[in-house]
Colleague: 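The structure's right below; bear with me while I get my questions together.
Just so you know, these numbers use all the heavy atoms, side chains as well, and skip hydrogens, waters and symmetry mates. Each chain gets a letter, A, B and so on, in the order the sequences are listed, and its residues count up from 1.
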Protein chains: 2
Amino acid sequence: MSLKLRKNRSPAPGNICPLSKCLALLSGAWTPEIIWNLSAAPRRFTELRVDMPAISAKVLTTRLRHLEASGILARHVMPTSPPSVEYSLTALGAELLPAIATIAKVGDQLKFG
Amino acid sequence: MSLKLRKNRSPAPGNICPLSKCLALLSGAWTPEIIWNLSAAPRRFTELRVDMPAISAKVLTTRLRHLEASGILARHVMPTSPPSVEYSLTALGAELLPAIATIAKVGDQLKFG
DNA sequence: CAGTATCCGGTCCGATACTG
DNA sequence: CAGTATCGGACCGGATACTG
């Protein structure tokens with residue numbers, strides 16, 4: 001009968017699918033840092049590289065393209081010379097910030113953090 | 001799609017570390033689903049396999065061990081025959097739920113979700 | 001029931017070199 | 001400045017087989 005108690009479990013109403021999808025988006029090395037570095041103000045490509053010295057250009061480009069395609073951030077090309085490109089969070093991307101902050105807080109308390 | 005965040009890499013000089021660390025924890029295929037499936041009530045190993053038919057025993061074991069080591073969930077062995085093991089979220093793990101819910105909500109609105 | 005052991009293909013990421 | 005191209009090694013996760 002403890003089986004009976006257990007049978008009724010569905011966690012919450014709803015679909016778990018978006019979960020994996022969005023967490024998949026946040027995954028990938030450097031992704032959270034990128035979002036974090038854009039949270040205060042827009043940044044340019046090279047500025048982001050300075051913020052995260054260890055990231056390679058290739059990976060940074062890949063992440064930015066993915067996040068842009070998903071609507072998390074926007075890319076603005078300024079027609080200057082030399083070219084200048086600015087990245088900024090969208091409203092949707094900004095919605096992630098509180099969640100990320102919460103997760104970071106939990107991260108602080110991890111046993112093997 | 002795989003959820004990946006290398007833990008050995010990117011020592012990033014920064015101070016955003018808890019962020020990456022915790023997101024690294026949530027990464028790895030199936031991790032969010034596991035936490036979600038434990039959110040309502042404790043579950044046993046095979047019950048989790050039923051909840052997520054596509055996960056392999058190897059990966060499920062790996063995830064559970066990691067989450068346990070981090071203090072996100074607890075493992076209780078019941079001295080029955082056949083053996084029975086119950087997994088449940090810790091208080092710390094429960095703190096992740098609102099953040100995960102928020103992220104899932106954003107996931108719903110992703111352009112290429 | 002609750003795992004372990006092993007193999008293996010696919011992916012991710014870093015390093016390096018090059019370009020409009 | 002803001003990328004692209006390519007290579008190679010690390011790692012991840014699925015499939016399968018086996019165990020106390």
Colleague: For the pair made of CD1 in B/Ile55 and P in D/dC12, what is the distance, rounded to whole Å?
Modeller: 14 Å
Colleague: A/Ala99 and B/Ile103: which non-hydrogen atoms are nearest, and at how many Å?
Modeller: CB-CG1, 3.7 Å
Colleague: Short question: side chain of B/Thr90, backbone of B/Ile72 - any donor-acceptor pair under 3.5 Å?
Modeller: yes
Colleague: So, is A/Trp30 close to the C/dG14 phosphate, meaning a side-chain N or O under 4.0 Å from OP1 or OP2?
Modeller: yes
Colleague: How many whole angstroms separate atom CG of B/Leu60 from atom C1' of D/dC12?
Modeller: 16 Å
Colleague: Please name the nucleotide paired to C/dG10 by Watson-Crick or G-U wobble geometry with both distances under 3.5 Å, or report none.
Modeller: D/dC11
Colleague: Show the nearest heavy-atom pair for residues B/Tyr87 and B/Leu38, with the distance to one decimal.
Modeller: O-CD2, 3.3 Å
Colleague: Do you know which two heavy atoms are closest between B/Ala69 and A/Lys111, and how far apart they sit?
Modeller: O-CB, 3.3 Å
Colleague: Counting distance only, does the side-chain N/O of A/Thr80 pair as donor-acceptor with the main-chain N or O of A/Pro82 below 3.5 Å?
Modeller: yes
Colleague: Any chance you could list the contact pattern along nucleotides 2-8 of chain C? Use B for base contacts, S for sugar-phosphate-only contacts and - for none, protein heavy atoms under 4.0 Å, 5' to 3'.
Modeller: SSB-BB-
Colleague: Taking the side chain of B/Ala29 as heavy atoms from C-beta outward, which of C/dC12, D/dG13, C/dA15 is closest to it?
Modeller: D/dG13
Colleague: Counting only N and O atoms by type, is there a donor-acceptor contact under 3.5 Å from the side chain of B/Arg49 to the main-chain atoms of B/Ile55?
Modeller: yes
